[in-house]
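All figures in this text were calculated on a predicted structure; none of them were measured in a lab. Chain naming here is simple, since letters A, B, ... match the order of the sequence lines and numbering starts at 1 in each.
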Number of protein chains: 2
Amino acid sequence: MDNKKARSAGGSRWTQQRAAISEQIEKAPGFVSAQQLHEELMHAGHSIGLATVYRNLQTLADEGLLDVLYSDGQNLYRSCASPAHHHHLVCRQCGKTVEVYGTVVEDWARKIATAEGFTEVTHTLEMYGLCAECTAAANGQNQRQE
Amino acid sequence: MDNKKARSAGGSRWTQQRAAISEQIEKAPGFVSAQQLHEELMHAGHSIGLATVYRNLQTLADEGLLDVLYSDGQNLYRSCASPAHHHHLVCRQCGKTVEVYGTVVEDWARKIATAEGFTEVTHTLEMYGLCAECTAAANGQNQRQE
DNA sequence: TTGGGTGCAAATGATTTGCAACATC
DNA sequence: GATGTTGCAAATCATTTGCACCCAA
């Protein structure tokens, strides 16, 4: 659960700061930005430099312990529960996130890429929508908002 | 072909600058950054402000005439040939881009999202890899570079 | 001990914005 | 002629970095 240290790569040390960051991001319900996380950490009583948060977030992401998402001009991070490759279905309205597993996309991507002669293929896939609650809310208040 | 004006939304004017930008980006072989495009325009003899390039790129993208891609801390734009939804397979090395069509991902995404109760689903999918040439080049020079 | 980690503040770099001059409709 | 657009420069803002000090191994 919180024993991320074991999963950490060899080259990096397990400091208090990293522990705090790692812990805090797991509490977050969805994706959070570095700044957001830093603020939360400060409120939680920790005293960590913003740069340290950035540095660790990057390191943790590199080690595969975090998922990264780019949105609105900034990177958002999220604790990555499973080491398995997966995607996200994020609610545009409330931010609710569902982790989606499945090899359909992977297989398809690999097939297409191979057909084109590409190797070392990776991909990024994110899905956005309105979750059930937000859809209901939207319909209840106004037919269409744009 | 180059009659993008017709496709332009009603609220925006078709200025020389927008025409130049629109034209230049169509010549680009792959994705280009705003700065890159601006530089090319200057070289091509046009005198356009960087801000104008940014503004137009955004507008054009909003109108669906351009594809946007975020990579390496900046947005990259590319002329969107077909109005049809498609994805890209980009070579990490040389930037060669292949447009990929197919409904596999779309169908899958819609199915998953619906199952989770989401509506108004959209998604982003980009694929990266090494194209045939770059793969060959990489193998020829060194077994593995990292 | 000792090299990686941290904190701070300054630096960077892409993108945005205020505002007066200007072109398009 | 009115209004959206352009240009420039200054302003933002997320992220990075230099460097002296500190701590985990």
Side-chain angles (χ1 to χ4, degrees), chain A residues 3-25 31-63 65-78, chain B residues 3-25 31-63 65-78:
Chain A
N3 184 29
K4 298 263 169 156
K5 179 176 181 178
R7 281 210 254 155
S8 173
S12 51
R13 291 183 183 170
W14 200 252
T15 64
Q16 284 187 254
Q17 289 82 340
R18 180 162 308 179
I21 290 171
S22 192
E23 206 171 297
Q24 185 70 42
I25 201 171
F31 283 87
V32 286
S33 68
Q35 318 239 10
Q36 214 170 127
L37 193 65
H38 176 246
E39 207 169 307
E40 287 174 15
L41 283 164
M42 298 302 258
H43 281 184
H46 297 278
S47 181
I48 299 185
L50 179 56
T52 301
V53 175
Y54 272 102
R55 277 188 284 235
N56 276 294
L57 247 25
Q58 247 181 219
T59 305
L60 291 168
D62 281 346
E63 293 175 358
L65 273 52
L66 297 182
D67 276 332
V68 196
L69 188 62
Y70 178 79
S71 171
D72 260 332
Q74 62 182 54
N75 282 114
L76 301 178
Y77 302 84
R78 184 173 192 283
Chain B
N3 183 29
K4 298 262 171 160
K5 180 177 180 180
R7 282 211 252 154
S8 173
S12 51
R13 289 181 186 172
W14 200 252
T15 63
Q16 285 186 252
Q17 289 82 340
R18 179 162 309 179
I21 291 171
S22 194
E23 207 172 295
Q24 185 70 41
I25 200 170
F31 283 86
V32 287
S33 67
Q35 317 240 10
Q36 216 170 126
L37 193 65
H38 176 247
E39 208 169 305
E40 288 174 14
L41 283 165
M42 297 302 257
H43 282 183
H46 297 278
S47 182
I48 299 184
L50 180 56
T52 301
V53 175
Y54 272 103
R55 278 188 284 233
N56 276 293
L57 248 25
Q58 246 180 220
T59 305
L60 290 168
D62 280 347
E63 293 175 358
L65 274 52
L66 297 182
D67 277 334
V68 196
L69 189 61
Y70 176 80
S71 171
D72 258 334
Q74 61 182 57
N75 281 114
L76 301 178
Y77 302 83
R78 183 171 193 285

Value rounded to 0.5 Å, distance of CG in Leu66(B) from OG in Ser22(B): 7.0 Å
DNA chain C: 5'-proximal contact among Asp72(B) and Ala51(B) (nearest heavy atom): Asp72(B)
Contact check, side chains of Ile25(B) and Tyr77(B), non-hydrogen atoms, under 4.5 Å: yes
Arg18(A) and Leu60(A), any side-chain heavy atoms less than 4.5 Å apart: yes
5' precedence on DNA chain D between Arg55(A) and Leu50(A) (nearest-nucleotide basis): Leu50(A)
Please state how far atom [atom1] in [X] lies from atom [atom2] in [N], giving the value in whole angstrom units.
{"X": "Gln74(B)", "N": "dT16(C)", "atom1": "CD", "atom2": "C1'", "result": "16 Å"}
{"X": "Tyr54(A)", "N": "dA14(D)", "atom1": "OH", "atom2": "P", "result": "6 Å"}
{"X": "Ile48(B)", "N": "dC8(D)", "atom1": "CD1", "atom2": "C1'", "result": "14 Å"}
{"X": "Tyr70(A)", "N": "dT15(D)", "atom1": "OH", "atom2": "C1'", "result": "11 Å"}
{"X": "Gln36(B)", "N": "dG13(C)", "atom1": "CD", "atom2": "C1'", "result": "15 Å"}
{"X": "Gln58(B)", "N": "dT5(D)", "atom1": "CD", "atom2": "C1'", "result": "14 Å"}
{"X": "Leu69(A)", "N": "dA14(D)", "atom1": "CG", "atom2": "P", "result": "16 Å"}
{"X": "Arg13(B)", "N": "dT24(C)", "atom1": "CZ", "atom2": "P", "result": "9 Å"}

Touch class at under 4.0 angstrom, heavy-atom based, for Gln35(A) against every strand present: base
Touch class at under 4.0 angstrom, heavy-atom based, for Ser33(A) against every strand present: nothing
Side chain of Thr15(A) (C-beta onward), nearest among dG7(C), dG7(D), dG5(C): dG5(C)
Quick one: is [X] getting a side-chain N or O under 4.0 Å of the [N] phosphate, OP1 or OP2?
{"X": "Gln16(B)", "N": "dT5(D)", "answer": "no"}
{"X": "Asn75(A)", "N": "dA14(D)", "answer": "no"}
{"X": "Ser47(B)", "N": "dG7(D)", "answer": "no"}
{"X": "Thr52(B)", "N": "dG7(D)", "answer": "yes"}

Base dT5(D) paired with Arg18(B) side chain (donor-acceptor, <3.5 Å): no
Over 12 non-hydrogen atoms of neighbours within 6.0 angstrom of CD in Gln16(A): no
Whether His38(B) side chain and Ile48(B) backbone form a donor-acceptor pair below 3.5 Å: yes
